[in-house]
Number of protein chains: 2
Amino acid sequence: MTATAQLTRSVEDYLKSIFHLTNQGGFATTSDIAAMLEIAPPSVSGMVKRLSETGLIEHVPYRGVQLTPQGRRAALQMIRRHRILEVYLTQQLGYDWGDVHEEAERLEHAVSEKLIEKMAGALGDPRYDPHGAPIPTAAGDIEEAELFTLADAKIGASIIVRQGGDDDAARLRYLAALGLTPGTHLTVLERQPFNGPTTVRSGSETRVVGQELAEQLWCAEVGGGGNR
Amino acid sequence: MTATAQLTRSVEDYLKSIFHLTNQGGFATTSDIAAMLEIAPPSVSGMVKRLSETGLIEHVPYRGVQLTPQGRRAALQMIRRHRILEVYLTQQLGYDWGDVHEEAERLEHAVSEKLIEKMAGALGDPRYDPHGAPIPTAAGDIEEAELFTLADAKIGASIIVRQGGDDDAARLRYLAALGLTPGTHLTVLERQPFNGPTTVRSGSETRVVGQELAEQLWCAEVGGGGNR
DNA sequence: TCTGTTTATTAGCTTAGCCTAATACCCTGT
DNA sequence: ACAGGGTATTAGGCTAAGCTAATAAACAGA
Ligand SMILES: [Mn+2]
Ligand SMILES: [Mn+2]
Ligand SMILES: [Mn+2]
Ligand SMILES: [Mn+2]
């Protein structure tokens with residue numbers, strides 16, 4: 001029934017950012033949104049006003065914003081588009097893991113629903129994007145997973161790499177070179193004190209992962225949650 | 001050397017329109033551009049001013065505009081993108097002949113050069129779009145053809161259908177149903193007076209084509225120009 | 001509790017692109 | 001040569017989306 005007026009590129013990107021920032025619960029703050037979109041905070045204040053007037057978000061002044069059900073639906077639709085595009089570019093057009101995000105970030109606003117579903121069909125309705133993130137269904141459902149970063153993984157734990165972030169091509173290439181791609185099984189061997197590196201074993205290989213990298217490498221318990 | 005600043009969607013569509021309107025020589029007038037883009041003439045006057053300031057077009061007040069070499073390059077690049085997208089959607093994703101134009105009209109502004117060349121490669125560097133229009137090369141060369149409409153074809157001539165227009169899905173479906181797709185060979189049998197229909201033979205079939213349709217069905221002499 | 005710092009909002013501006021209404025220009029027929 | 005009609009431009013306004021500078025609110029440390 002909602003008269004889904006065509007959203008602009010900016011609005012779509014705001015909704016996605018707010019979704020990501022509130023995914024673990026709580027509010028998305030003005031400055032978090034500004035940082036994520038690389039724009040000035042006052043610009044966010046302005047947009048927040050418009051988005052709450054159109055009912056896509058709820059704004060609590062000086063606290064932050066959350067998506068309304070309508071806003072959440074729109075955000076999940078964009079995330080679906082983005083991730084299907086990433087899989088398509090990787091699998092059908094030989095794109096590199098690290099390069100798809102930027103391309104998808106633009107294309108997500110231009111593709112029709114019809115094209116996305118054709119792509120999804122050609123790919124056999126993939127459930128994860130190339131970075132390991134789950135793809136929402138066309139109906140707007142998304143898999144929830146209990147993830148922690150490698151920097152927080154317990155020593156001795158058996159874990160599986162789930163997501164390596166999607167926006168830094170150089171980091172993704174480095175992770176791929178280390179063999180730390182989504183789906184890889186790891187055993188956590190040790191972690192040096194004072195925010196030192198974590199050592200993991202993958203099959204017969206041993207890798208030392210610096211703290212900065214480990215903090216952005218999301219993992220799940222083996223056997224926990226849905227399977228890949 | 002030209003510091004190719006990123007053009008906006010609007011600017012790209014203006015340049016394409018001006019290219020099409022000046023392809024047979026002469027100027028594109030304000031009202032022609034306005035009609036083609038479905039916007040008001042004063043909006044065109046405003047954009048014309050900006051485009052000529054940035055050196056993409058040459059404006060002769062009260063006469064019209066023409067593309068500069070720089071503007072022509074940009075226009076041909078967009079036309080290449082558009083047509084490659086149309087072929088890709090048709091051949092790789094099962095799109096209908098009549099539906100690709102609209103999708104390409106949006107995507108052309110969002111795809112990277114890299115993606116277009118990947119698509120072109122996957123297709124074996126196609127030379128014509130699904131409507132029969134030639135695809136400019138990456139270097140910016142485009143095939144020139146001597147085309148006339150079926151309404152102007154001489155009685156008795158052997159001709160080949162080249163282009164059926166690209167923007168009206170219903171008309172394209174009707175043309176396809178008649179078997180009048182690009183590449184079809186025809187013999188012109190007769191034309192009724194007072195702007196009456198033209199009768200053609202295609203293989204063993206005979207078709208009667210009304211004047212309105214015939215005026216938008218572009219054809220070439222058999223043996224003339226480049227081959228399909 | 002006060003006060004300084006951080007964070008958010010408001011005020012005021014800019015640019016791109018569109019619009020309508022008013023005006024200016026060009027051309028053609030008399 | 002000139003009057004009308006059509007086309008183009010100018011004038012003036014609007015919305016989306018960004019910016020900086022100024023102000024207000026919230027928070028945290030003493
Ligand atoms: Mn991504
Ligand atoms: Mn985006
Ligand atoms: Mn087209
Ligand atoms: Mn377009």
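Chain letters run A, B, ... following the sequence lines, proteins first and then strands; every chain starts at 1. The analysis underlying the following values was restricted to heavy atoms, covering all of them including side chains, and did not include hydrogens, waters or symmetry mates.
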Footprint string (nucleotides 12-20 of chain C, 5' to 3'): B base within contact, S backbone only, - free, heavy atoms under 4.0 Å: ----SBSBB

Touch class at under 4.0 angstrom, heavy-atom based, for Thr30(A) against every strand present: sugar-phosphate

Spacing of Tyr62(A) atom OH relative to dT23(D) atom P, expressed in whole Å: 14 Å

Distance below 4.0 Å between His59(B) side-chain N/O and dT9(D) OP1 or OP2: yes

Face-on cation placement of Lys118(B) at Tyr88(B) ring, 6.0 Å and 45° thresholds: no

Length of the line joining Ile57(A):CD1 and dA8(C):P, which is rounded to integer Å: 13 Å

Glu212(A)-Gln216(A) side chain donor-acceptor pair, cut-off 3.5 Å: no

Distance-only polar pair, side chains of Ser112(A) and Glu103(B), donor-acceptor under 3.5 Å: yes

Length of the line joining Leu51(A):CG and dG18(D):C1', which is rounded to integer Å: 14 Å

Arg191(B) side chain vs Gln211(B) backbone, donor-acceptor pair below 3.5 Å: no

Phosphate contact (dT9(D) OP1 or OP2) by Arg63(B) side-chain N/O below 4.0 Å: no

Criterion side chain to side chain contact (heavy atoms under 4.5 Å, CB included) against Leu217(B), the qualifying member of Leu147(B), Leu180(B), Thr149(B): Leu180(B)

Side chain to side chain contact (heavy atoms under 4.5 Å, CB included) involving Lys16(A) - partner list, sequence neighbours excluded: Asp13(A), Met78(A), Ile79(A), His82(A), Glu105(A), Glu108(A)

Distance test, side-chain N/O of Ser45(B) to OP1/OP2 of dT10(D), below 4.0 Å: no

Between dA8(D) (P) and Phe27(B) (CZ): distance, integer Å: 13 Å

